Amino acid sequence: MARDLAGKQGDRRIDGTPLASLTLILHTVPRDQETMMRAFLTGVAALALTTVPAAAQDAQGLPPVEQQIGAGGRPVGANWSRSPVIAQHGMAATAHPLATQVALDVLKDGGSAVDAAIAANAALGLMEPTGNGIGGDLFAIIYDPKTQQLYGINGSGRSPKEQTLDQLKAKLNGADALPPFGALPITIPGTVDAWFAMHEKFGRRSMADNLAPAVRYAREGHPIAPVIGRYLTLNLKRFEQSSAEFDFANARKLWFADGAPPAAGEIFTNPDLANTLETIGREGRDAYYDGSLTDGMVAYLQEQGSAFTRDDFADHHSEWVEPACVAYKKGYELCELPPNSQGFAALQMVNILKSVDLSQWERGSPEAMHYLVEAKRLAYADVARFYADPDFASFPQDLLTDEYGAERFKLIDPAKATPEFGPGEPKLEGEGDTTYMTVVDGDGMMVSLIQSNYRGMGSGLVAPGTGFMFQDRGELYSLDPAHPNAYAPGKRPFHTIIPAFVKKDGKPYMTLGLMGGGMQPQGHVQVLVNLVDYGMNLQEAGDAARFNHDGGPQPTEELDGPFADPLGTLYVEPGIPAETIAALREMGHTVEVVDDGMMFGGYQAIARDPETGVLTGATEMRKDGQASGY
């Protein structure tokens, strides 16, 4: 019987599990229960076949089950959402189950949410090298119950202090943008310094203890997770297909020694990273920036053509910044970090969308999606014009006012897509691959943390004996000297990674993040709208089919254009109704259906009931992640 059902269903899946595998359960079920189990499996299959209208199946060109579940074996749409996780004493949600367990172990050992976040982030640098690591940058929002305040930390790095824009352009040999590979797009990695800054303020355990779980996994090994295994394969192709000249030998030896990445389930070790983390835990922050590890990194980068010096590393520091919050509806406020990150783009979207009641239409309707997309395009036009390192360019605070949001809303034509939105005129007042994670402890400390190497695994460069890849974040500088985001010595580039925080009725309520380059602000807003306007729970709000609008003005292009793609492309997941897709195309949007979860980000969130302290967590079905508590 099992072979028969498996043959009929092929490789179709339910909740990420092949139906053929589900039928193997029957071999362990007593014969008198076989009929009941057959009925169960038939019912599950029938559910899969009926979650999408036939018109949607035909229009999108996918068989019914694959239509909802996706080629990668992961379900799409709120109908497939699992229950949120509920606990009382502590909770973590990360993109890897083992990292989540590391965080919980630290909490149970008396560590704070910050200790647990650092431990989990270190583990993710090993287990999810496709998204993050100590060669990248970090941003976080922390709620401290003792002071009842939100704290933001900007752990992003700077360009070489002794290299001018003209000198950089000379190295580019006429190219109009920085490359994603090699030494030139590397900025100082800020993660390790940010760890220590957070720990100094909020840590309870020693840093050596916090890094110990990652050290142990790096030495003893861990099994590669399925989605990360796929990302390793894609990154290898990306590196091998590049025409750029850069040193890939060390990276190849570390992750692709046999000519291919480790497969899902294969045990992977990284003793070099174990040694590096052990040194940092023993010697402190200076081991990385002004100590035993620094000279080797600097010498290697200089060999590859970088202008970095030891002083660039020694002078690096993270910055404590103040999150900004804007009210949406029903008592909810969204909080984000200021530039050089793009967090305020989500706040601008919220201010624009205040002027329309999205709940009057069904979720996924063409009207609701049109307003969401146009609000995104309006906000990102300002991102491309104004967002940059605030040490070098004044940020227009008017961008976050209700009045400015209302004025921008008036530019939306409810009947059609506007071909091109330019930036506003506020008053001046002085693919990224990423991991997002969140931890909440029993005292109510809440950590919303995001960390990244930027595009792919990063620059391709691995200093000998270190076990990690340097980021390529500097690819996001503009080469237009008039642009606020123009490259300059000792400057931080425009940054895509953003953690978020939500207040409800003025009280701390929820950590929130959604990894994935330009997807992040629009993803934050889509989740918020799902919660507030459509009454979804925390897990449903992230599992529901999303859109990703790409294109439009970019912060790397020339200040006054012309922009290469002013309208952009609206990518949607298969769970968006076919009639909505057709209507959006009639309205002038360029719409493409993409059956690939990696384009739509990776979501985690934890909400804390301010009265009872009960925690509710959710994680991303498009990734390998896990939310868990105790």
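All figures in this text were calculated on a predicted structure; none of them were measured in a lab.
Taking 4.5 Å as the limit, every side-chain heavy atom of Y328 sits out of range of all side-chain heavy atoms of V525. With contacts defined as side-chain heavy-atom distances shorter than 4.5 Å, the pair N351/Y404 does not qualify. Put simply, the side chain of Y454 does not reach to within 4.5 Å of the side chain of P180, judged on heavy atoms. The shortest distance between side-chain heavy atoms of I141 and F139 does not fall below 4.5 Å. Between L372 and L358, some side-chain heavy-atom pair lies under the 4.5 Å cut-off. For the pair K503 and C325, the minimum side-chain heavy-atom distance is below 4.5 Å. Side-chain contact check for Q520 versus I497: some heavy-atom pair is nearer than 4.5 Å. For the pair S452/R473, a side-chain contact is recorded, criterion being any heavy-atom separation below 4.5 Å from C-beta on.
Nearest heavy-atom pair, S459 versus M469, reported as atom, atom and distance to 0.1 Å: N-SD, 4.0 Å. Among all heavy-atom pairs drawn from L337 and P323, the shortest one is CD2-CG, 4.0 Å. When every heavy atom of V527 is checked against every heavy atom of A541, the shortest pair comes out as CG2-O, 3.8 Å. A pairwise comparison of heavy atoms in H549 and G551 identifies CE1-O, 4.2 Å as the closest pair. Of all heavy-atom pairs spanning I606 and M446, the tightest one is O-CE, 4.1 Å. For the residue pair A225 and D624, the shortest heavy atom distance occurs at CB-OD2, 3.2 Å.
More than 12 heavy atoms of other residues, nucleotides or ligands lie within 6.0 Å of CD in Q149, so this atom counts as buried by the packing criterion. The environment of CG in D176 is sparse: at most 12 heavy-atom neighbours from other residues, nucleotides or ligands sit within 6.0 Å.
Ion pair E540/R363 not flagged as a salt bridge, since none of the NZ, NE, NH1 or NH2 atoms sits closer than 4.0 Å to an Asp/Glu carboxylate oxygen. Using a 4.0 Å cut-off between charged side-chain N and carboxylate O, D382 and R408 make a salt bridge.
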(request) Evaluate the criterion side-chain contact (heavy atoms from CB on, under 4.5 Å) for residue pair R82 and M621; output intermediate values, then yes/no. (result) CA-CA 9 Å; R82 58 182 178 267; M621 68 175 183; 4.1 Å; yes

(request) Evaluate side chain to side chain donor-acceptor pair (under 3.5 Å) for K623 paired with Y231, printing each intermediate quantity in order. (result) CA-CA 11 Å; K623 303 283 186 180; Y231 286 4; 2.9 Å; yes

(request) Could you give me the CA-CA distance, side-chain angles and deciding distance for H370 and E367, then say whether side-chain contact (heavy atoms from CB on, under 4.5 Å) is met? (result) CA-CA 5 Å; H370 174 68; E367 295 88 353; 5.8 Å; no

(message) Determine whether V356 and W361 satisfy the following criterion, side-chain contact (heavy atoms from CB on, under 4.5 Å), listing intermediate values before the conclusion.
(response) CA-CA 11 Å; V356 61; W361 303 292; 3.8 Å; yes

(request) List the steps, then state whether side-chain contact (heavy atoms from CB on, under 4.5 Å) holds for E336 with V326. (result) CA-CA 9 Å; E336 303 273 358; V326 302; over 6 Å; no

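The aromatic rings of Y387 and F395 stand perpendicular to each other, their planes meeting at an angle above 60°, with 30° marking the opposite boundary. Taking the six-membered ring for Trp and thresholds of 30 and 60 degrees, Y477 and Y487 have ring planes more than 60 degrees apart, a perpendicular arrangement.
With values rounded to the nearest 0.5 angstrom, K504 atom NZ is found 10.0 Å from M510 atom CE. Going from atom NZ of K376 over to atom CE of M349 covers 8.5 Å, rounded to the nearest 0.5 Å. Here the CZ-CD distance, from F494 to Q342, works out to 4.5 Å after rounding to the nearest 0.5 Å. For the atom pair T418 OG1 and H589 NE2, the distance stands at 8.5 Å (nearest 0.5 Å). Remark: F547 CZ to I576 CD1 distance equals 8.5 Å, nearest 0.5 Å. Considering CE of M198 and OH of Y151, their distance stands at 13.5 Å, rounded to 0.5 Å.
Between the side chain of D472 and the backbone N or O of R455, at least one donor-acceptor pair lies under 3.5 Å. Under a 3.5 Å cut-off, the side chain of E319 and the backbone N or O of G155 do not form any donor-acceptor pair. Judged purely by atom type and a 3.5 angstrom limit, N485 uses its side chain to pair as donor or acceptor with the backbone of L476. For E374 (side chain) and Y371 (main-chain N/O), no donor-acceptor pair under 3.5 Å exists by modelled atom type. No donor-acceptor pair under 3.5 Å is formed between the side chain of T401 and the backbone N or O of Q397. Looking only at distances, a side-chain donor or acceptor of D137 sits under 3.5 Å from a matching main-chain atom of G190. A donor-acceptor pair under 3.5 Å is formed between the side chain of K330 and the backbone N or O of V532. No donor-acceptor pair under 3.5 Å is formed between the side chain of K491 and the backbone N or O of A388. Not a single donor-acceptor pair under 3.5 Å links the side chain of H495 to the backbone N or O of L138. Without hydrogens or angle criteria, E620 side chain to R622 main chain gives a donor-acceptor distance under 3.5 Å.
Side-chain N/O atoms of S156 and N154 include a donor and acceptor closer than 3.5 Å. Judged by distance alone, the side chains of T511 and S448 never bring a donor and an acceptor atom under 3.5 Å apart. Between the side chains of T94 and T100, at least one donor N or O lies within less than 3.5 Å of an accepting N or O.
Applying the side chain to side chain donor-acceptor pair (under 3.5 Å) test to pairs two or more places apart or on separate chains, those with a residue in residues 596-610 are R230-D596, Q604-T619.
The only member of N453, N132, T187, T191 that meets side chain to side chain donor-acceptor pair (under 3.5 Å) when paired with Q471 is T187.
For H96, there are no ring-ring contact (aromatic ring centres under 6.0 Å, His included) partners at least two apart in sequence or on another chain. Evaluation of the side chain to side chain contact (heavy atoms under 4.5 Å, CB included) rule for P84 yields N537, Q539, T616 as partners, not counting sequence neighbours.
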